[in-house]
Amino acid sequence: MSSTIHFHRSDTYTGMSAAAADFIVQAIRDKPNLLLCPATGNSPKGAYATLVDELRNQQIAHTLRLVALDEWVGLPVDSPHSGAFQVRQQLIEPLGIHHYFLFDGNFTDEAAELQRAGHYLAVQGPIDLCILGIGTNGHLGFNEPGDYLHALPHRVRLTETSRGHQMVAGAARAPDYGITLGMKDILQAKKILLLVHGEHKRAAMTAFLRQEITPRLPASFLWLHPDVTCFCDAVAVP
Ligand code: GLP
């Protein structure tokens, strides 16, 4: 895997999570008030848990800021299926982050919600470290594959693949729409960390590794970014 993206493959999910956590710790040591943009989902969960432990154990002081990557539309922030709930539980609360922006998936005024995200980034951005997962269909955040992509925060009709994500499996109804930062917001991040876990990611990763940049595979745009590191496990990239 020779490329401009730095790849680190671990045999296990635990190994991948530990390596990714070390990477994030180093980024926080380098910039204690880092603006973090964390994906939700299964791939980064282990890294977040290890990160929390490491920052505590090593008594690393920080004033982290955080901006949400995406959210399911229609889920209130206190729904355990929402991204906001998971980010609060996995990062904001255990790390004592006071300065953050989370989407409210249950918004009543879409334009205002998008503007809130744009405003937070305009004032606090660019993102220092954007932690991404890849969808089984190649999406980034909720930038879904299609004829074109969007630069800025936007609402998006979700593909059936995304609606089938485990996060919303127990929700009364899988959301039809998502809200997400756009490709420009993501690609303006100073550093990007891509975490990929699971056999079900193999096809997306095979396509990604072709280095063919296409809106049909939004993750392929990461090949345009100068500082991307990918931690994957051996079942995702055999
Ligand atoms: C979800 C989220 C993304 C996440 C991706 C991969 O749809 N909206 O932010 O990165 O899918 O999730 P997982 O790591 O659970 O496979």
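Owing to the predicted nature of the structure, the values given are computational and were not obtained by experimental measurement. Note that ligands are numbered from 1 as they come in the structure, with each ligand's atoms numbered from 1 the same way. This chain uses plain numbering: 1 for the first residue, then up along the sequence.
- Taking every heavy atom of His139 and a limit of under 4.0 angstrom, the matching atoms of ligand 1 come to 1 (C), 5 (C), 7 (O), 11 (O).
- Looking at Gln166 against ligand 1, nothing comes within 4.0 Å, counting heavy atoms.
- Here the side chains of Arg163 and Arg173 are in contact, with some heavy-atom distance below 4.5 Å.
- Near Thr40, with a cut-off below 4.0 Å to any heavy atom, the atoms of ligand 1 are 4 (C), 10 (O).
- A salt bridge is absent between Arg88 and Glu93: the closest approach of a Lys/Arg side-chain nitrogen to an acidic carboxylate oxygen does not fall below 4.0 angstrom.
- A salt bridge does not link Asp104 to Arg116: none of the charged side-chain nitrogens sits closer than 4.0 Å to a carboxylate oxygen.
- At a 4.0 Å heavy-atom cut-off, ligand 1 touches Leu69 through the side chain alone.
- Side-chain contact annotation: Thr180 with His154, donor-acceptor N/O pair under 3.5 Å absent.
- Shown in contact with Phe142 at under 4.0 Å from a heavy atom are these atoms of ligand 1, numbered in order with element: 7 (O), 8 (N).
- Remark: the backbone N or O of Ala189 is paired with a side-chain donor or acceptor of His225 at under 3.5 angstrom.
- Contact atoms of ligand 1 toward Ala39: 9 (O), 10 (O) (distance under 4.0 Å to a heavy atom of the residue).
- Note: Glu160 CD to Asp176 CG = 8.0 Å, rounded to the nearest 0.5 Å.
- Protein heavy atom at the shortest distance from atom 12 (O) of ligand 1 is His165 NE2, 3.1 Å.
- Two residues are said to be in side-chain contact when any heavy atoms from C-beta on lie closer than 4.5 Å; Glu144 and Asn137 meet this criterion.
- Those atoms of ligand 1 that come under 4.0 Å of a heavy atom in Ile134, given as number and element, are 6 (C).
- With hydrogens and angles disregarded, a donor-acceptor distance shorter than 3.5 Å links the side chain of Ser82 to the backbone of Val77.
- Considering each of Gly83, Ala219, Gly135, Ser43, the one bringing a non-hydrogen atom nearest atom 14 (O) of ligand 1 is Ser43.
- Under a 4.0 Å criterion applied to the non-hydrogen atoms of Gly41, ligand 1 contributes the atoms 15 (O).
- Regarding atom 3 (C) of ligand 1, its nearest protein heavy-atom neighbour is Asp70 OD2, 3.5 Å.
- In summary, the atoms of ligand 1 found under 4.0 Å from a heavy atom of Gly133, numbered by their order in the structure, are 10 (O).
- Of the candidates Tyr177, Phe142, Phe103, Trp72 forms a ring pair (Phe, Tyr, Trp, His ring centres under 6.0 Å) with just one, namely Phe142.
- The shortest N or O to N or O distance between Asn42 and ligand 1 is under 3.5 Å.
- Taking atom 16 (O) of ligand 1 as the reference point, the nearest protein heavy-atom neighbour is Lys201 NZ, 2.4 Å.
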